[in-house]
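Data first, discussion second: the structure below is written as structure tokens.
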Amino acid sequence: MKDVFRCALKSLSRKWGRTILTVCSIAVGVTMVVIVSFISGAGKLVVNNELESMGISGLSVSTNAMAGDTGAEGLTASNLETIRELSGVDTAMPLMIQYSTSVLRDTQSNALICGLDSGAKQVISLKLKHGRLISKSDVRASAMVCVVDETVAKEAYRRGNVTGKSILLQINGMMEEFTIVGVSEAGSSLLQNVVEFIPGMVYIPYTTMQALSGRDNFDQIAVRVGDGADVARTESRILDSLERTTGLSGYYRTDNLAAQRDQLTSLMDVVTLILTAISGISLIVSGLGIMTIMLVSVNERTREIGVKKAIGASRGRVLLEFLSESVIISLLGSGAGILLGGAVSLLGLSLMGVTAPIDLGGLLGLVGFAVVTGAVFGVYPAIKASRLKPVDALRME
């Protein structure tokens, strides 16, 4: 077997220019597939991290009530306690959301004010950069404190750390003054790239928002399901418990945010598969190129084949030698394509500040597919060479 590969390498080196061009054709196809694979993996990672940072990793409980509905009081503190006592629920937190405006250092901007409880870091994955988060004492005292994200801070001060500064927030039509006690990350580079379209986030104690808006209920209850718990079963358990304790059938609803995230990931997988299949067509074209080159090689080396068979080379030996040439070309091309595609992908993603996961299994599978493609398209030329009769081959000029 070693002699077969040695002969195949020697034959390929005779026409090194043609061999390099064929290897390059395989490398181009593999490079395209690798780039699509890296971009897809990085895209899914960025989207999942972004959704995690926004708290889209568990359940959201809300009501079906429309504005002006009577007969129900929305989500209340008793509903919150009912949810917290259920098995499978790791953490539950009230949320009150109001789209408003903020004024920081004479800079007025749109803001999404979010009233929340202490421990929000565990539920909506807040990443603190400066100062502190909302504490239990802030919630108990309905303190006039807040946490802003970097979007709000940098728009006014061109820097991230603005703890201790005062900010005006419009709540229920009135401008209220809050003290900034912390600054959180504005999100991943995905959000930062489109920050002009997304309002800055401002987090205040939910009790403060209740007091200023004259409300005693919540807009939503964010629920993080415990590790290993069945999300669907926990979702059903929450609805059953709320309906049983309140007697309101069909009033409460839950949104399985984790399932929606998984659906988005599945959609991205389908898109990736389609793009990979389109890129893989170039490998098929490269395979046809291998077949063409090998047929030319057979015609050029007809007398050589005749000499080998005349001195005792078997049909299988000749077939294996030509097939080995196809496999070697495919191996060289796929290796070069993976190196080139990986380098281009990692460089491009690093410039965008995105981490790219490396799927070694997928890369090895790609090499295998390229080799199989080369072998399949090299079978016909190899069979043609092995079937040449020594007498006929030696007569060829």
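Listed for the Ser286 side chain is a donor-acceptor partner under 3.5 Å among the backbone atoms of Ser25. Looking only at distances, no side-chain donor or acceptor of Arg253 sits under 3.5 Å from a matching main-chain atom of Val61. Side chain of Ser37 to backbone of Val33: no donor-acceptor contact under 3.5 angstrom is found. With hydrogens and angles disregarded, a donor-acceptor distance shorter than 3.5 Å links the side chain of Asp149 to the backbone of Val152. Remark: side-chain polar atoms of Ser350 are paired, donor with acceptor, to backbone N or O of Leu347 under 3.5 angstrom. Side chain of Thr22 to main chain of Ile290: no donor-acceptor pair is present (N/O by atom type, distance under 3.5 Å, no hydrogens or angles).
Between Ile171 and Ile113, the closest side-chain pair of non-hydrogen atoms falls below 4.5 Å. Side-chain contact check for Leu86 versus Thr234: every heavy-atom pair is 4.5 Å or farther apart. The side-chain heavy atoms of Tyr252 and Thr246, taken from C-beta on, include a pair separated by under 4.5 Å. When side chains are defined from C-beta on, Ile83 counts as touching Leu242, because their heavy atoms get closer than 4.5 Å. Thr373 has its side chain out of reach of Ser330: every pair of non-hydrogen atoms, C-beta onward, lies at least 4.5 Å apart. The closest side-chain heavy-atom distance from Thr208 to Met144 is below 4.5 Å. Considering only heavy atoms from C-beta on, Leu59 stays 4.5 Å or farther from Asp255 through its side chain.
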Exercise for review: Evaluate the side-chain hydrogen bond (donor to acceptor under 3.5 Å, both in side chains) criterion for residues Thr82 and Asn79: first the C-alpha distance (whole Å), next the side-chain angles of each, then the deciding distance (0.1 Å), finally the verdict.
Suggested key: CA-CA 5 Å; Thr82 298; Asn79 297 147; 5.3 Å; no
Exercise for review: Might you work through the side-chain contact (heavy atoms from CB on, under 4.5 Å) test for Ile284 and Phe377, ending with a clear yes or no?
Suggested key: CA-CA 9 Å; Ile284 305 300; Phe377 282 96; 4.1 Å; yes
Practice item. Output, in order, the C-alpha distance, side-chain angles, deciding distance and verdict of side-chain contact (heavy atoms from CB on, under 4.5 Å) for Ile204 and Val145. Key: CA-CA 6 Å; Ile204 67 175; Val145 296; over 6 Å; no
Exercise for review: Give the C-alpha distance, both sets of side-chain angles, the deciding distance and a yes or no for side-chain contact (heavy atoms from CB on, under 4.5 Å) between Ile39 and Val36.
Suggested key: CA-CA 5 Å; Ile39 292 176; Val36 170; 5.9 Å; no
Exercise for review: Assess whether side-chain contact (heavy atoms from CB on, under 4.5 Å) is satisfied between Val34 and Leu366, documenting all intermediate values.
Suggested key: CA-CA 8 Å; Val34 170; Leu366 179 58; 3.4 Å; yes
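Criterion: ILVMFWY side-chain heavy atoms under 4.5 Å apart, direct or through other members. Under it, Leu360 and Val367 are part of a common hydrophobic cluster. Both Leu80 and Leu239 sit in one connected hydrophobic cluster of ILVMFWY residues. Membership requires side-chain heavy atoms under 4.5 Å apart, directly or through other members. Hydrophobic clustering places Leu112 together with Leu95 (ILVMFWY residues linked when any side-chain heavy atoms are closer than 4.5 Å, directly or through intermediates). Under the 4.5 Å side-chain contact rule for hydrophobic residues, Met32 and Phe38 do not share a cluster. The hydrophobic clustering, which links ILVMFWY residues whose side-chain heavy atoms are closer than 4.5 Å, places Val30 and Ile293 apart.
In this structure, Tyr206 and Met96 approach most closely via the heavy-atom pair O-SD, 3.7 Å. Between Val147 and Val183, the shortest heavy-atom contact is CG1-N, 4.1 Å. Here the shortest heavy-atom pairing between Tyr157 and Lys165 reads OH-CD, 3.5 Å. Residues Asp219 and Leu75 share a closest heavy-atom pair of O-CD1, 3.7 Å. In this structure, Glu235 and Thr254 approach most closely via the heavy-atom pair OE2-OG1, 2.7 Å. The minimum heavy-atom distance between Val162 and Ala153, with the atom names listed, is CG2-CB, 3.6 Å.
Between the OG atom of Ser345 and the CG atom of Leu340 there is a distance of 9.0 Å, given to the nearest 0.5 Å. To the nearest 0.5 Å, atoms CD1 (Ile35) and CG (Leu349) are separated by 10.0 Å. We find the CD1-CG distance between Ile338 and Leu363 to be 5.0 Å, quoted to the nearest 0.5 Å. Here Met201 contributes atom CE and Cys146 contributes atom SG; the two are 12.0 Å apart, rounded to the nearest 0.5 Å. A distance of 10.0 Å separates CG of Asn161 from NZ of Lys129, quoted to the nearest 0.5 Å. To the nearest 0.5 Å, atoms CE (Met93) and CZ (Phe218) are separated by 11.0 Å.
Legend: residues meeting salt bridge (Lys or Arg N to Asp or Glu O under 4.0 Å) with Asp269, ordered by chain and number and at least two apart, are Lys44. Take Arg105 and apply the salt bridge (Lys or Arg N to Asp or Glu O under 4.0 Å) test, not counting sequence neighbours, and it matches no residue. With sequence neighbours left out, the salt bridge (Lys or Arg N to Asp or Glu O under 4.0 Å) criterion links Arg159 to no other residue.
Salt bridge Asp138/Lys136: absent, no basic N to carboxylate O contact under 4.0 Å.
Within the structure, side chain to side chain donor-acceptor pair (under 3.5 Å) contacts touching residues 172-184 (residues at least two apart or in different chains) are Ser166-Glu177. For residues 74-87, every residue pair satisfying the salt bridge (charged side-chain N to carboxylate O under 4.0 Å, His left out) rule, not counting sequence neighbours, is listed here: Glu81-Arg84, Arg84-Asp117.
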Between side-chain atoms of residues 97-104 and protein atoms elsewhere (two or more places apart, or another chain), which donor-acceptor pairs fall under 3.5 Å?
from: Gln98; atom 1: NE2; to: Gln170; atom 2: O; distance (Å): 3.4
from: Tyr99; atom 1: OH; to: Asn110; atom 2: ND2; distance (Å): 3.4
from: Ser100; atom 1: OG; to: Gln170; atom 2: O; distance (Å): 2.4
from: Thr101; atom 1: OG1; to: Gln170; atom 2: OE1; distance (Å): 3.1
from: Ser102; atom 1: OG; to: Ser109; atom 2: OG; distance (Å): 3.3

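Atom CZ of Arg132 has more than 12 heavy atoms from other residues, nucleotides or ligands within 6.0 Å.
Defined by atom type and a distance below 3.5 Å, a donor-acceptor pair is missing between the side-chain atoms of Glu155 and Thr107.
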